[in-house]
Amino acid sequence: MRHALLLPLLLATTSVAAQTGGEREQALHARAIAAGYKALTLCSAHFNAGRTPAQVEALELVGIYPEYQAAVDALDAVVDPAARTVSVAFDVALPPRIAAWRPNLGCTQLPIGAAAEAIAALPRFDAAAPQLDDAPWPLGDRDATAAPRGDRAALEQAVADAFDTGRYGDGHATTAVIVVQDGRIIAERYRESFGPHVSQRTWSVAKSLAGALVGVAQAAGELDPAAPAAVSEWQAPGDPRRAITVDQLLRMSSGLHSDTAGNRTDALYFGGVTVAEAATGWPLVHPPGSRFRYANNDSVLAVHALRAISGDEARALSRPFTDLFWPLGMTRTRAETDWRGGFVLSSQVWSTARDLARFGLLLQNDGLFDGRRMLPEGWVRAATTPSGPQPEGDFGYGATLWLMQRSPGVPPDTFAAFGNRGQYVIVTPSRGVVLVRRGEDPTGKRFDPARFAGAVLEALPGSGVPAP
């Protein structure tokens, strides 16, 4: 096989370029991470979304982090349809990196050095999702669409311009756009090989899903966001992290340190390290609530705390599906875990554009969905109200939701969930509009969500707010 020829060459190249043992070890670890990136991405896109390996290689696996691109291109992946695994060899002395698929929970990575025998011990949640496709929208897909109220030609142009043009930024790769007005889909378009039931990784849109999951637990009386987070690793007497609240985690103001700017957690995302290992050990560097720092770890820790109050692992594993996704009709959404069952709900969720539109409707209607209250009354208002330190730049931040009140041409009540590679769920409650844009934008290429939202909203004057 090709990787059998490439691996010795990669190792030889590394031994020449890296003169010290430490440098060689760093290069080996980087290859292991790159192999994990490829195994996980290919596993999830193939088994969650039904995309072919060739399609994934051509889109999802290009334009990634530059330090991994060459290795991802060079290393071969082996897809096992029967076992529903993907393995990527990276070193002659260690087993390949393995990602394994399970119902609902999607793909998880084994730790570096683990062999396929470890798959049997992975946690599972095998319950069947409800069959809702024939139910009326938004719970199902029946009668999902309607004619727009406004300038149809301008709306169609605004949506068309999101695909492979420079109107909203250069170099992006839009895969899906949905526009919802007054509760119904009025525009919907997909890139070739995508469609209403093809999922993609949400990246950091998952953080907003995590916030809503906390809100559902709050509505059920299980959790008070203003109370300290139930992180068991912080409960020793004298540990100052015991004071960090769930709300501070959701608002990215925990005060915790991390070894990057806060938004790269490669060991957790692609290295097979668990949530408990990767997120709980960081020290405080600022008093909780005193400094904004966008951090994957904060969102991961909020869900880790939710796991701790669940009572048992079966309840913890079922919670995203039974409490949030399935009641919203998000039956094709998969929330992935580490190999010990910890949800990586800062990024590793796979969802369709229509499922994210359903989530946007929940937020637009202040936590009401299809006549059922799922979030506490006023929860969305609180989550879209800045509290404490704020980020620099074009957008403010609430509790897992970005605030677009500074964006010209966009109503000030507009807020959004943002994710890497161009994932956006934009909500304007005062206009009754939800926008979903999915993409596979290369690193360094940015789609402008405010310009896009402004163009769509300009075509829809006078949109009303649907009755809850």
Take Thr414 and Ile426 through the side chain to side chain contact (heavy atoms under 4.5 Å, CB included) test and state the conclusion after the steps. CA-CA 7 Å; Thr414 302; Ile426 303 170; 3.6 Å; yes

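The aromatic rings of Tyr294 and Trp402 lie tilted to each other, with the angle between the two planes from 30° to 60°.
The existence of a salt bridge linking Asp323 and Arg319 is confirmed by a sub-4.0 Å separation between a basic side-chain nitrogen and an acidic carboxylate oxygen. The existence of a salt bridge linking Glu67 and Arg264 is confirmed by a sub-4.0 Å separation between a basic side-chain nitrogen and an acidic carboxylate oxygen.
Side-chain N/O atoms of Gln248 and Asp298 include no donor and acceptor closer than 3.5 Å. A donor atom on one side chain and an acceptor atom on the other are not found under 3.5 Å apart for Arg201 and Ser44. In this structure, a donor-acceptor pair under 3.5 Å is present between the side chains of Asp355 and Thr333.
Atom OG1 of Thr384 sits about 9.0 Å away from atom CG of Leu363, to the nearest 0.5 Å.
Trp101 is not listed as a side-chain neighbour of Thr85, based on a closest heavy-atom distance of 4.5 Å or more.
Within 6.0 Å of atom CD in Gln26, 12 or fewer heavy atoms from other residues, nucleotides or ligands are found, so the atom counts as exposed in its surroundings.
For Ser310 (side chain) and Leu306 (main-chain N/O), a donor-acceptor pair under 3.5 Å exists by modelled atom type.
For the pair Arg189 and Phe163, the distance from NZ or CZ to the six-membered ring centre is under 6.0 Å and the angle to the ring normal is within 45 degrees. For Arg251 and Tyr397, the positive end is not near the middle of the six-membered ring at less than 6.0 Å and at most 45° from its axis.
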